[in-house]
Amino acid sequence: METLIRVAIVTGGASGIGRAICTQLAGKRVFVVVADIDEMGGKQTVSIIEKEGGRARFVRLDVTNAAQVNAMVNNVYKEFGRLDYMFNNAGIAMYGELYDMSLEHWERIVNINLWGVIHGTQAAYPLMKKQGFGSIANTASAAGLGPSPTAAAYATTKHAIVGLTTSLHYEAETFGVKVCALCPTFVNTPIFSNGEGINMDKAKISAQLQQKKMMSPEQFARIALKGLDRNQLIVCPMPLRRTMDIFFILFPAIHRRLIRFFRNAARQANVSHTKQT
Ligand SMILES: NC(=O)c1ccc[n+]([C@@H]2O[C@H](COP(=O)([O-])OP(=O)(O)OC[C@H]3O[C@@H](n4cnc5c(N)ncnc54)[C@H](O)[C@@H]3O)[C@@H](O)[C@H]2O)c1
């Protein structure tokens, strides 16, 4: 086997942001393990990489299954003798008022978005600590940094990922391991159309989304890889984010008014919504 080949695992690598991360890593001569529940999409990612001269392999993986994630990560480590990157990126979207949500909805999104990230982190971190290097990037969201009315469960999982990742960042840096929370905002991927709209009109949601300026997954992946390389705590390429943070601290009443405005706009897509105050 070739010596010193760098190796990455990317969950959710069959589509969107995950696929863009896979192709860009492969362009940097990293061997990429594309891990996803979607076999067709995952194999397409591998074939895109191979056509461009890179090296990759698809592994069918359900991130909700701790034993499967642990076995896959350890097998990759054993085979290559190293693990350079672990991207815990697989996720789903879910929109709806909390009063319309069942515990099954909660379980589904927490299992994929949060437990998926915990499983990947728990499996990869001890190996990286042992080898004394490596990078873990957990995909949260800008929804993990503030309130998201009509997406409370999604925001819950993403806040938890930010908490896990930013805490581990400081533990792991003493062992040579970089840990970064990726917080995209509006990246043009199928997550919005595939997302679960609980009692929501998805046509209205997409009409609202079409008014937003979307970033391409490739653009986001470039920013994410650069941020991870620089050992940034959080990568959130939201225009004016810092200005907004300062603004929100200085003028909390205006922040609350803005969030209420977003809540009312999002509610327009609720099919049973009457007038709320
Ligand atoms: N697109 C955005 O604007 C945006 C914004 C904020 C956060 N994010 C986050 O970015 C990440 C990637 O999203 P995307 O926009 O590329 O979406 P996407 O739908 O294009 O990709 C998500 C991938 O996750 C995979 N996946 C879903 N459940 C899985 C499971 N149980 N096991 C393994 N794989 C599974 C899907 O098959 C898919 O390939 C998600 O965590 C998402 O929450 C995206």
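Counting convention: from 1, in listed order, for ligands and their atoms alike. Just so you know, these numbers use all the heavy atoms, side chains as well, and skip hydrogens, waters and symmetry mates.
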Atoms of ligand 1 less than 4.0 Å from Thr139 heavy atoms? 9 (C), 10 (O), 11 (C)

Distance-only, no hydrogens or angles: does the Thr165 side chain make a donor-acceptor pair with backbone N or O of Val162 under 3.5 Å? no

Does Lys43 make a cation-pi contact with Phe58 (under 6.0 Å, within 45 degrees of the axis)? no

For the pair Lys178 (side chain) and Ala137 (backbone), establish whether a donor and an acceptor sit closer than 3.5 Å, ignoring hydrogens and angles. no

Check contact between Leu182 and ligand 1, using heavy atoms of the residue and a distance below 4.0 angstrom. no

Close approach, Leu61 and ligand 1, non-hydrogen under 4.0 angstrom: yes

Write out the residue and atom name of the closest protein heavy atom to atom 31 (N) of ligand 1, then the distance separating them to 0.1 Å. Asp62 OD1, 3.0 Å

Just jot down the ligand 1 atoms closer than 4.0 angstrom to any heavy atom of Gly16, in number order. 16 (O), 20 (O)

Check for a donor-acceptor pair, side chain of Arg19 on one end and backbone N or O of Gly41 on the other, with a separation under 3.5 Å. yes

Using a 4.0 Å heavy-atom threshold (strictly under), name the region of Cys183 that reaches ligand 1: side chain, backbone, both or neither. neither

Measure from atom 22 (C) of ligand 1 to every heavy atom in Ala143, Gly91, Gly42, Ala221 and give the option owning the shortest one. Gly91

Report yes if some N/O of Ser15 lies less than 3.5 Å from some N/O of ligand 1; otherwise report no. yes

Assess, by modelled atom type and distance only, whether the side chains of His105 and Ser102 contain a donor and an acceptor separated by less than 3.5 Å. yes

Can you tell me if Lys202 has over 12 outside heavy atoms packed within less than 6.0 Å of its NZ? yes

Any donor-acceptor pair under 3.5 Å from Asp84 side chain to Val7 backbone: yes

Tell me whether Glu52 contacts the main-chain N or O of Gly27 through its side chain, where contact means a donor paired with an acceptor under 3.5 Å. no

To which protein heavy atom is atom 42 (C) of ligand 1 closest, and what is the distance rounded to 0.1 Å? Ile191 CD1, 3.4 Å

Gln122 atom CD, over 12 foreign heavy atoms within 6.0 Å: no

What protein heavy atom sits nearest atom 40 (C) of ligand 1, and how far away is it? Asn89 O, 3.3 Å

Of Thr185, Asn138, Val187, which has the heavy atom at the shortest distance from atom 5 (C) of ligand 1? Thr185

Checking a contact table here: which protein heavy atom is nearest atom 32 (N) of ligand 1, and how many Å away? Val63 N, 3.0 Å

I'd like to know whether ligand 1 has Pro190 as a neighbour, heavy-atom separation below 4.0 Å. yes

Closer than 4.0 angstrom: is that true for some heavy atom of Lys158 and an atom of ligand 1? yes

Indicate yes or no for a side-chain donor-acceptor contact from Gln232 to the backbone of Cys180 under 3.5 Å, with no hydrogens or angles considered. no

Among non-hydrogen protein atoms, atom 29 (C) of ligand 1 lies closest to Ile37 CG2, 3.8 Å

Check this for me - ligand 1, Phe192, N or O atoms closer than 3.5 angstrom, yes or no? no

Is there a polar contact, in the sense of an N or O pair closer than 3.5 Å, between Ile17 and ligand 1? yes

Between Ser141, Gly13, Gly195, flag the one that comes closest to atom 6 (C) of ligand 1 by a heavy atom. Ser141

Atom 39 (O) of ligand 1 has as its nearest protein heavy atom Asp36 OD2, 2.7 Å

What protein heavy atom is closest to atom 14 (P) of ligand 1, reported as residue, atom name and distance in Å? Thr189 OG1, 3.5 Å

Can you tell me if Asn113 uses its side chain to pair, donor with acceptor, with the backbone of Ile92 under 3.5 Å? yes

Under 3.5 Å: donor-acceptor pair, side chain of Thr150, backbone of Glu97: no

Whether the side chain of Thr11 engages the backbone of Ala90 through a donor-acceptor N/O pair (distance < 3.5 Å, no angle test) should be reported. yes

Has ligand 1 got any nitrogen or oxygen that is less than 3.5 angstrom from a nitrogen or oxygen of Thr64? no

Would you mind running through ligand 1 and noting each atom that sits below 4.0 Å from a heavy atom of Asp38? 37 (O)

Tell me, which protein residue and heavy-atom name are nearest atom 8 (N) of ligand 1, and how many Å apart are they? Tyr154 OH, 3.6 Å

N or O contact, Ile92 vs ligand 1, cut-off under 3.5 Å: no

Has the side chain of Arg108 got a donor or acceptor atom that lies under 3.5 Å from a matching backbone atom of Met94? no

